[in-house]
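Throughout, protein chains are lettered first and strands after them, A, B, ... in sequence-line order, and every chain is numbered starting at 1. Note that this is a predicted model, so its numbers are computed, not measured.
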Amino acid sequence: MAHDVHTHVKSQTEYEYKRRRSANEMRGQLTTFAIMIFLTLIAFTAVYAGFSPNLVVPIILLLAVIQVILQLYYFMHMSHKGHETASMFLYSGVIVGLITVLTFVTIVWW
Amino acid sequence: MDLNTKYTPQSWPDHPENSTLEGKNKFVGFWLFLGGETVTFASLFATYLALKNKGPSGMEFTTQGLFELPLVFIMTMLLLTSSLTSVYAMYHMKNYNFKAMQAWLMVTVLLGAAFLGFEIYEFSHYVHLGFTFNQSAFSSAFFILVGTHGAHVLVGLGWIILLMVRNAKRGLNLYNAPKFYLASLYWHFIDVVWVFIFTVVYLMGVMG
Amino acid sequence: MMKGIKKWRLFSLLTALMVFLSGCGEEHLSTLTPAGQVGRDQLDLMVLSTAIMVLVIIVVMIVYVLAIVKFRRSKVGENVIPKQVEGSHKLELIWTIVPIILLLILTVPTVVSTYKLADVSGMDTVDAKGNKTAVTVNVKANLYWWEFEYPDLGIVTAQELVVPTQEKVYFNLKAADVKHSFWIPAAGGKLDTNVDNLNKFYLTFDNPSESLQDGVFYGKCAELCGPSHALMDFKVKSLDRDDFDAWVADMKASKEETPEGDVAQQGQEIFNTSCIACHAVSGAGSTGGVGPNLATFGDRNRVAGFMEHTPENIKAWISNPEKHKPGNLMPEPKEINNGKDFTDQELTALTEYLMGLSVEE
Amino acid sequence: MSSIAQKKGFGATLWDYLTTVDHKKIAILYLITGGFFFIVGGIEAMLIRIQLAQPDNDFVSAGMFNQIITMHGTTMIFLAAMPLLLGFMNAVMPLQIGARDVAFPFLNSLGFWLFFFGGVFLNLSWFMGGAPDAGWTSYASLSLASPGHGIDFYALGLFISGFGTLIGGINFLVTIINMRAPGMTYMRMPLFTWTTFVASALILFAFPPLTVGIVFMIVDRMFGGNFFDHTMGGNTIIWEHLFWIFGHPEVYILILPAFGIFSEIFPTFARKRLFGYSAMVFATVLIGFLGFMVWAHHMFTVGMGPTANAIFAVATMAIAVPTGVKIFNWLLTMWGGSIVFTTPMLYAVGFIPSFVAGGVTGVMQAAAPLDYQLHDSYFIVAHFHYVIVGGVVLGLLAGLHFYWPLMFNTMLNEKLGKITFWLFFIGFHLTFFIQHFLGLLGMPRRVFTYVADQGWDSYNMISSIGAIFMAAGVIVLVVNIIMTIVKNEKVGRDPWGDGRTLEWALPQPVPFYNFKQTPLVRGLDTFWIEKQEGNKEGMTYAEPVGDIHMPNNSFVPVVISFGLFVASFGALYNGEKSWAVPVIILGLGITFASMIHRSLKDDHGYHVHKEDLLDDKGGKH
Ligand code: HEA
Ligand code: HEA
Ligand SMILES: [Cu+2]
């Protein structure tokens with residue numbers, strides 16, 4: 001197996017382009033972060049506001065799912081290519097996990 | 001891989017985390033591990049949900065009586081922010097800026113440690129109330145779920161610190177870049193789990 | 001021609017199977033000789049699924065035998081390179097769809113009887129006077145013995161369940177210590193007795209059990225529960241409704257019986273100092289005994305659920321329970337008899353007394 | 001057992017194996033340890049059958065019997081069948097896909113040693129106050145009530161060895177994902193590699209629930225937790241769910257690699273390519289997927305309610321379909337081929353009717369109302385020995401004969417091999433066929449004895465006689481192995497003459513770096529293609545000869561595992577002996593210190609230089 005990495009020295013423009021691109025991406029990450037904080041705030045206030053749990057529970061669960069998707073796809077770069085296997089296995093785990101949770105809240109009693 | 005190769009920002013690859021075979025293997029292997037971790041935590045959550053508020057007859061502890069949101073909110077903010085700082089660290093890693101990366105990791109570690117400190121405070125508070133690990137099925141399930149997450153935070157901190165120390169002199173290379181990257185993935189995953197903990201355990205808890 | 005052979009084979013195999021099966025069941029114990037509707041439903045499912053499975057096996061075996069007979073190298077030739085066939089969509093489709101059809105045939109009765117057998121709504125029906133119409137038994141499984149309480153009738157017994165025939169008998173199942181499982185093979189499938197919840201189901205019995213080899217059906221614990229799990233047997237007596245009502249009345253009346261004869265009376269005294277703390281001797285009452293209720297002891301078919309009902313075995317049991325049922329909770333004589341073993345004479349007296357405990361005339 | 005190693009002297013060889021990170025040597029370690037545990041589990045099985053041969057037998061006591069069945073089940077599943085399969089995966093899979101090693105050689109070794117120390121720990125219970133006695137399923141109410149330390153050994157032992165298995169699973173997955181030779185697309189992978197892939201994925205998702213369940217058991221028994229204590233609000237059904245969420249996929253973890261082995265054997269000895277390759281791959285994946293949806297069929301009598309029972313019944317039956325696809329594709333592989341009955345092929349041919357018989361009884365059990373009768377009776381024992389012995393063990397024995405020349409460059413004696421097969425095969429059917437009827441006649445499983453005259457006596461005797469045949473078969477096998485090792489007749493490359501996949505193209509003994517040059521894969525059954533085209537070397541290369549990078553040996557995995565082994569003793573005696581907590585700390589200290597030691601050191605391995613490769617000595621070692 002080829003263990004030596006072929007180092008490729010970028011030209012100045014290439015390099016600057018790359019720097020700019022990742023700086024842009026980093027700004028995107030900041031937005032993601034802001035959204036996450038915002039979602040958290042909504043979740044906490046929704047609970048504080050004291051609406052009926054039947055309403056709030058689905059909402060905060062949904063917010064949590066959105067927030068996790070942001071983490072996974074942006075902070076953990078799952079949106080980048082090369083993550084096909086990664087996401088396949090992660091989702092398989094999620095499916096198994098969901099089935100587990102589902103049974104435990106339905107057919108485990110008392 | 002030749003370790004003696006010295007990189008410059010210009011020659012540093014775009015994806016240092018998986019530009020070697022070892023890196024690729026680690027990268028894929030770690031994601032698979034996270035898939036397994038998902039199932040681990042799902043099992044813990046499932047058990048917690050099944051045992052929530054269950055205890056010996058006449059138990060006075062309930063999620064509603066026990067949990068206090070302000071503390072949880074602060075903890076959540078700390079952990080979320082630490083997630084962002086580790087993104088910054090990886091940003092500088094990709095730019096081959098070792099010093100900045102170490103600095104951001106340092107911030108991450110501090111935030112994580114603060115989080116852990118609050119968690120320890122919270123646990124000891126419960127223990128003082130008499131809500132100990134052995135008190136009921138509910139307490140066992142609670143401490144195991146949240147404690148397992150806490151243990152992950154601890155391991156994450158240890159891991160990042162170890163990496164920072166061992167590489168302080170070596171600097172960045174293609175042998176340790178994947179390790180930094182994985183540590184940050186791990187850190188994000190801890191945050192993912194926490195999002196569900198604060199939602200399912202605390203928020204849904206105070207609502208009863 | 002080919003088809004004819006297949007049919008003939010199927011038929012002969014099935015008959016052979018049936019002969020084999022019917023030839024070797026003990027009527028009081030075998031799942032193949034159902035005592036009531038529940039067992040029959042389950043046997044029907046058994047026969048249907050067996051038929052499907054035999055069909056599957058036959059098909060597989062035909063292809064299999066032909067393949068290994070026709071295509072052995074000694075026949076085909078040493079140096080032949082067979083055609084490297086990639087596959088066949090048509091065949092794949094056939095052996096996907098045919099099994100699906102077979103499974104659907106099995107699925108329908110499966111689902112139907114799953115719901116049917118789980119229907120315990122009849123448990124709570126009451127007649128005009130507000131009395132429960134059906135017999136309900138609360139089964140409590142203890143480490144190696146069974147308690148049967150009839151909450152609506154105010155009686156309780158142990159080790160030998162008594163049920164009426166020709167009607168649904170409902171059960172509430174629970175374990176007192178660790179998990180067990182309640183199984184009367186001839187009457188129908190089992191249900192677990194968990195420690196943390198109540199399970200409910202019903203069974204039916206067509207005929208009185210009198211005509212059976214021992215006059216009773218055999219019941220088993222089917223869930224590993226400790227060293228003597230194997231010995232946690234119980235017996236079931238089915239009586240027609242009149243006899244059952246009579247038995248219930250006798251049970252209710254079984255309060256204070258004075259034993260007949262000196263020996264038995266002496267036995268009662270010993271019993272009252274050593275054994276009464278755990279064993280009740282009256283059938284009227286409710287659950288809660290530390291040990292099995294002995295009101296019907298004299299009528300029983302077995303000692304401790306599995307030993308033949310002889311005076312020798314009763315003595316053997318009392319003088320050393322641990323030897324016969326390892327891990328059971330009955331104290332050794334020394335612990336209940338002022339630190340001494342029972343003498344032969346005392347054992348005889350106890351036996352006499354116990355044999356006299358009877359509600360049946 | 002390369003000849004180089006033998007010349008080095010015993011101590012050096014031992015050290016070599018203790019520190020090795022070479023997948024081929026780790027495979028041998030798995031084979032030896034798994035084989036040893038198979039004999040142990042087999043001896044336990046013989047004790048069971050002796051005890052049950054006649055009614056009212058008192059060959060072993062009641063408590064002892066429960067320990068024996070528990071250890072028989074646990075040993076056979078966790079310490080024999082699974083490690084043996086992991087052994088074959090290690091030995092064969094990297095060679096099949098043209099890799100130099102697995103993705104993480106160090107972790108590979110760590111996985112083995114965790115399994116090893118876990119298994120040893122579990123079996124130490126025999127000598128330290130009694131083995132676990134609550135059945136291999138260790139249902140919570142009984143396992144919490146069980147006195148002594150047996151269950152603690154069970155929980156801690158499986159905890160440690162479970163981590164080993166998990167590591168192994170991840171390792172194989174990454175290897176297959178990242179390290180296939182050029183041209184080896186997913187749809188060109190040999191079926192054994194495919195089944196390794198799916199089985200490893202099942203390991204990845206099935207072991208976490210088991211681990212979680214075991215942690216609950218450990219804290220409940222040793223650290224005052226309340227998960228399963230219903231007086232404290234706990235719930236025993238949680239254990240049952242967690243165990244079976246793991247337990248059912250586990251049986252497919254066992255059977256799929258065995259399917260893979262057979263899928264290699266049929267084409268080889270029928271000289272015909274696997275019929276319906278893509279359907280086979282699809283069926284494998286589907287079985288793996290469905291395997292996670294059906295676990296509650298072990299719990300039909302628990303009282304989950306009719307809806308849950310019906311759903312799980314139907315889901316379970318669905319698995320018959322993809323399994324049937326596999327069976328018919330194997331039959332059609334033989335059809336039109338040129339079949340030669342070597343020992344491995346005998347096993348493969350014996351497997352088909354045996355497994356189908358076991359599979360269809362599984363479908364019968366899936367019919368929930370019928371299962372109310374069958375559950376926990378000897379019918380179940382018959383079912384799972386038909387699928388496990390008739391499927392997995394026949395697969396292991398087939399694989400042993402088939403891959404022996406690949407692993408050791410010698411060939412097991414064919415005549416003895418066939419004697420083993422017939423003894424084992426006849427004994428197997430004799431033992432277990434009759435048990436179906438025992439179940440139907442009302443005999444519960446896990447009984448240490450039974451009262452005479454319930455219609456079970458002669459059946460049990462027949463069953464026990466069958467077990468003797470199996471034992472005789474295994475003894476002949478052991479003799480065969482010893483004779484083969486003593487004779488040591490080398491056989492060289494492609495000993496079966498009809499090898500189809502890449503592993504048979506390698507020179508024998510396989511060099512420690514596997515492939516001098518990375519091969520180029522030009523289709524399914526690469527080696528067959530090259531042979532048909534008259535390529536003497538058996539491979540086309542994807543790269544010129546160059547330096548090969550190899551990982552260094554390491555003793556650290558042994559130390560890490562040993563640390564956990566030590567800590568387990570502390571946990572076991574927690575709250576009972578004053579030295580318990582210090583021992584936990586000491587053990588974990590050893591483990592963490594060695595892990596930190598490992599990560600602080602840069603370990604870049606070494607290179608085998610081109611010149612050494614060309615003069616055919618193969619560098620150092
Ligand atoms: C390698 C191990 C293995 C395998 C492969 C299987 C395969 C299957 N098993 Fe089994 N099983 C066990 C190991 C295994 N099992 C063990 C160890 C236990 C007991 C654990 C314990 O309690 O200790 C158990 C218990 C068990 C139970 C619980 C019984 C009980 O305790 O009450 C059930 C119930 O549904 C079941 C079902 C099945 C089914 C449907 C399959 C299917 O996958 C089988 C599919 C195969 C076929 C059906 C044959 C080939 C198909 C065709 C030729 C096509 C046409 C077929 C039809 C149309 C039917 N198994
Ligand atoms: C991989 C799994 C596996 C394998 C291979 C086997 C193999 C065998 N098993 Fe079993 N078995 C289980 C898994 C397995 N089993 C499980 C999970 C249980 C359930 C446990 C529980 O209830 O909790 C069980 C339970 C079980 C029971 C039921 C116990 C009970 O419920 O009371 C019985 C009874 O007959 C039995 C018998 C056998 C026999 C005769 C073999 C034979 O095939 C064994 C063949 C092997 C040998 C015979 C080896 C012989 C070796 C020698 C004689 C020594 C030679 C020595 C030298 C040369 C040094 N097994
Ligand atoms: Cu299963």
Side-chain angles (χ1 to χ4, degrees), chain C residues 24-26 29-32 41-42 45-46 49 53 56-57 60-61 63-64 67-68 71-73 76 80-85 87 92 95-96 99-100 103 106-107 110-111 113-115 117-118 178-179 181 185 189-192 194-196 199 220 222-225 227-230 306 326, chain D residues 61-63 66 135 139 141-142 145 230 235-236 271-273 275-277 279 301-303 306 309-310 313-314 317 320-321 324-325 327-328 331-332 334-340 349 352-353 356-357 360 364 367-370 372-373 375-376 440-442 444 446-451 454-455:
Chain C
C24 31
E26 303 276 351
L29 179 60
S30 169
T31 64
L32 303 172
D41 283 352
Q42 289 164 348
L45 210 48
M46 162 97 214
S49 59
M53 299 315 152
V56 167
I57 291 178
V60 170
M61 285 316 283
V63 183
Y64 172 81
I68 59 179
F71 300 103
R72 33 182 65 220
R73 192 160 297 170
V76 186
V80 177
I81 300 291
K83 194 158 161 258
Q84 304 289 309
V85 193
E92 298 292 349
W95 60 56
T96 310
I100 290 182
L103 290 174
L106 183 57
T107 308
T110 296
V111 174
S113 49
T114 304
Y115 279 95
L117 297 179
V178 301
K179 179 175 173 125
S181 188
K190 61 190 75 61
L191 192 59
D192 291 355
N194 295 315
V195 292
D196 31 21
N199 272 341
K220 304 269 170 194
E223 182 67 56
L224 179 63
C225 54
S228 287
H229 158 62
F306 71 102
Chain D
S61 71
N66 288 354
Y139 274 13
S141 59
L142 181 61
H230 68 285
N235 191 315
T236 56
R271 270 199 197 149
K272 192 162 154 278
R273 115 184 216 154
F275 193 84
Y277 171 85
T301 65
V302 165
N309 279 3
V314 176
M317 289 181 194
V321 177
V325 168
I327 298 279
F328 289 111
L331 289 177
L332 267 280
M334 291 198 287
W335 196 276
S338 159
I339 304 171
V340 54
V349 168
I352 290 205
V356 169
V360 295
M364 292 169 69
L370 179 52
Y372 300 162
Q373 282 287 21
H375 176 69
D376 268 345
L440 296 178
L441 299 185
R446 295 168 167 170
V447 290
F448 80 95
T449 190
Y450 49 95
V451 179
Q454 301 187 82

Please check if the side chain of [X] supplies one atom and the backbone of [Y] the other of a donor-acceptor pair under 3.5 Å.
X        : Y        : answer
C:Arg73  : D:Ser338 : yes
C:Asp196 : D:Thr236 : yes
C:Tyr64  : D:Val349 : yes
C:Lys190 : D:Thr301 : no
C:Asn194 : D:Val302 : yes

Closest non-hydrogen atom pair between [X] and [Y], with its separation:
X        : Y        : result
D:Ile339 : C:Ile68  : CD1-CA, 4.1 Å
C:Val56  : D:Val360 : CG1-CG1, 4.1 Å
C:Tyr115 : D:Ala310 : CE1-CB, 4.2 Å

Is it the backbone or the side chain of [X] that comes under 4.5 Å from a heavy atom of chain D, or both, or neither?
X        : value
C:Lys220 : side chain
C:Val76  : side chain
C:Ala118 : side chain

Could you check if a side-chain atom of [X] sits within less than 4.5 angstrom of a side-chain atom of [Y], using non-hydrogen atoms only?
X        : Y        : value
D:Pro369 : C:Thr110 : yes
D:Tyr372 : C:Thr114 : yes
D:Leu441 : C:Leu29  : no

Quick one: what part of [X] sits under 4.5 Å from any heavy atom of chain C, side chain, backbone, both or neither?
X        : value
D:Ala313 : side chain
D:Ala145 : side chain
D:Tyr139 : side chain
D:Leu332 : side chain
D:Val325 : both

For the candidates [options], which exhibits the highest count of non-hydrogen atom pairs separated by less than 4.5 Å from chain D?
options                              : value
C:Leu117, C:Ile81, C:Val85           : C:Val85
C:Pro99, C:Ala222, C:Ser181          : C:Ala222
C:Ile57, C:Val111, C:Thr107, C:Val60 : C:Val60
C:Pro82, C:Pro185, C:Ala230          : C:Pro82

Separation of [Y] [atom2] from [X] [atom1] (nearest 0.5 Å):
X        : Y        : atom1 : atom2 : value
C:Glu223 : D:Arg446 : CD    : CZ    : 6.5 Å
C:His229 : D:Asp376 : NE2   : CG    : 7.0 Å
C:Leu224 : D:Asn66  : CG    : CG    : 5.0 Å
C:Lys83  : D:Arg273 : NZ    : CZ    : 11.5 Å

| Between D:His230, D:Lys272, D:Gln373, which shows the greatest number of heavy-atom pairs under 4.5 Å with chain C? | D:Gln373
| query | chain C: which of D:Gly135, D:Ala357, D:Gly336 shares the most heavy-atom pairs with it under 4.5 Å? | reply | D:Gly336
